[in-house]
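Encoded as structure tokens, the structure appears first; notes follow it.
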Amino acid sequence: MESTCRTCGKLHDELAVAIPVTLPTKAAMIPRGRRPNRVWDNGEMCAVDGANFYLYGSVSLAIHDHPGQFTWGAWAEVDEDLFLWFDDHLEAEGREREGPFRGTLGTDIPFYDCTLGMPLTIKVEPVGYRPTFVLDAVDHDLARDQSCGVTVERVQAFKDWFDSLRAGR
């Protein structure tokens with residue numbers, strides 16, 4: 001099922017969507033007035049207090065009986081060396097030949113028990129695409145959903161929740 005996007009005017013699959021997140025959970029917990037002094041971000045990378053470093057990417061879930069995927073936008077906490085490497089390679093052709101790299105989930109994803117700190121593998125994608133985060137096979141619903149997929153009804157619940165946030169309900 002497709003619908004016309006209100007933002008770009010193109011047809012998109014109504015289920016195969018992404019729900020974005022602006023900041024890693026640690027940064028979002030800092031009061032807005034204090035963020036300018038403590039948080040640096042450019043939408044793809046974020047640093048908190050010069051001590052915690054994050055990359056923005058995707059946790060994708062297959063949708064049962066559907067050709068598309070549902071994607072949670074998420075932040076992965078990484079060490080400073082990887083953060084600096086990624087900064088150097090943000091626009092580097094062929095960067096996807098590097099890695100994979102290790103990190104931990106820096107986003108507490110709704111609908112799941114705490115996801116912060118879940119171990120993951122970071123797959124670097126070609127320029128123009130965000131990294132893909134593959135969760136380790138841990139005993140957690142999000143990791144199971146990523147490896148086994150989710151129902152159309154579950155994806156609809158995710159979308160309804162997000163639409164209500166955007167509508168201010």
Side-chain angles (χ1 to χ4, degrees), residues 1 5 7 12-30 39 41-48 52-83 85-87 89-90 95-166:
M1 184 178 343
C5 178
T7 304
H12 294 291
D13 183 323
E14 287 185 7
L15 292 176
V17 299
I19 291 182
V21 62
T22 306
L23 291 170
T25 298
K26 184 173 191 126
M29 292 173 64
I30 296 170
V39 177
D41 85 278
N42 67 2
E44 304 297 323
M45 303 169 64
C46 180
V48 177
N52 300 95
F53 304 96
Y54 302 90
L55 303 177
Y56 191 64
S58 303
V59 174
S60 294
L61 313 175
I63 305 170
H64 298 172
D65 301 318
H66 191 276
Q69 291 188 332
F70 173 82
T71 301
W72 288 107
W75 292 89
E77 186 166 6
V78 299
D79 64 31
E80 185 174 13
D81 289 340
L82 178 55
F83 182 81
W85 179 90
F86 200 81
D87 187 42
H89 292 83
L90 203 56
R95 68 185 189 165
E96 67 275 12
R97 292 189 294 270
E98 301 293 327
F101 299 104
R102 298 293 298 160
T104 59
L105 200 54
T107 302
D108 197 16
I109 295 179
F111 289 88
Y112 296 95
D113 288 338
C114 183
T115 60
L116 288 175
M118 290 180 67
L120 54 80
T121 298
I122 300 164
K123 182 178 179 245
V124 179
E125 301 293 348
V127 172
Y129 295 92
R130 292 188 168 117
T132 301
F133 302 151
V134 180
L135 300 166
D136 288 3
V138 295
D139 187 21
H140 192 282
D141 287 346
L142 180 58
R144 279 190 293 278
D145 282 356
Q146 189 176 47
S147 66
C148 299
V150 292
T151 65
V152 168
E153 293 79 15
R154 185 135 167 97
V155 171
Q156 191 59 54
F158 298 158
K159 287 182 68 308
D160 290 347
W161 166 81
F162 185 64
D163 289 345
S164 70
L165 283 180
R166 289 192 306 179

Does the pair Phe86 and Arg95 meet the rule for a side-chain contact (heavy atoms from CB on, under 4.5 Å), with working shown?
-> CA-CA 9 Å; Phe86 200 81; Arg95 68 185 189 165; 3.7 Å; yes
Say you draw a straight line from CH2 of Trp72 to CG of Asp145; how long is it, rounded to the nearest 0.5 Å?
-> 10.0 Å
Without hydrogens or angle criteria, can the side chains of Asp41 and Tyr56 be said to hold a donor-acceptor pair below 3.5 Å?
-> no
Show me the donor-acceptor pairs within less than 3.5 Å that the side chains of residues 131-143 make with the rest of the protein, sequence neighbours left out.
residue, atom, partner, partner atom, Å
Thr132, OG1, Glu125, OE2, 2.6
Asp136, OD1, Arg102, NH1, 3.0
Asp136, OD1, Arg102, NH2, 3.4
Asp136, OD2, Arg102, NH2, 2.7
Asp139, OD1, Arg144, NH1, 2.6
His140, ND1, Leu142, N, 3.0
His140, NE2, Asp113, O, 3.1
His140, NE2, Cys114, O, 3.2
Asp141, OD1, Arg144, NH2, 2.4

Are there more than 12 heavy atoms of other residues, nucleotides or ligands under 6.0 Å from atom CG of Asp65?
-> no
Search all heavy atoms of Asn42 against all heavy atoms of Glu44 and return the closest pair with its distance.
-> OD1-N, 2.9 Å
Are more than 12 heavy atoms from other residues, nucleotides or ligands located less than 6.0 Å from atom OH of Tyr129?
-> no
Only residue of Phe158, Phe70, Phe162 satisfying ring-ring contact (aromatic ring centres under 6.0 Å, His included) with Phe111 is Phe158
Hey, what do you get for SG (Cys148) to CD (Gln146), rounding to the nearest 0.5 Å?
-> 10.5 Å
Look up atom CG in Leu105 and atom CG in Leu116, then write down how far apart they are to the nearest 0.5 Å.
-> 7.0 Å
At what distance, to the nearest 0.5 angstrom, does CG of Leu23 lie from CD1 of Ile30?
-> 9.0 Å
Can you name the nearest heavy-atom pair linking Asp87 to Met45, along with the distance?
-> CB-CE, 3.4 Å
Could you tell me which non-hydrogen atom of Phe83 sits nearest to which non-hydrogen atom of Cys46, and how far apart they are?
-> CE1-O, 3.4 Å
How long is the gap from CD1 on Ile63 to CD on Gln69, to the nearest 0.5 Å?
-> 8.0 Å
What are the two closest heavy atoms between Gly73 and Thr107, and how far apart are they?
-> O-CG2, 4.5 Å
Full working for side-chain contact (heavy atoms from CB on, under 4.5 Å) between Leu82 and Ile122 | CA-CA 11 Å; Leu82 178 55; Ile122 300 164; 4.1 Å; yes
Distance from Leu120 atom CG to Glu77 atom CD, nearest 0.5 Å?
-> 10.5 Å
For the side chain of Thr115 and the backbone of Ile109, is there at least one donor-acceptor N/O pair under 3.5 Å apart?
-> yes
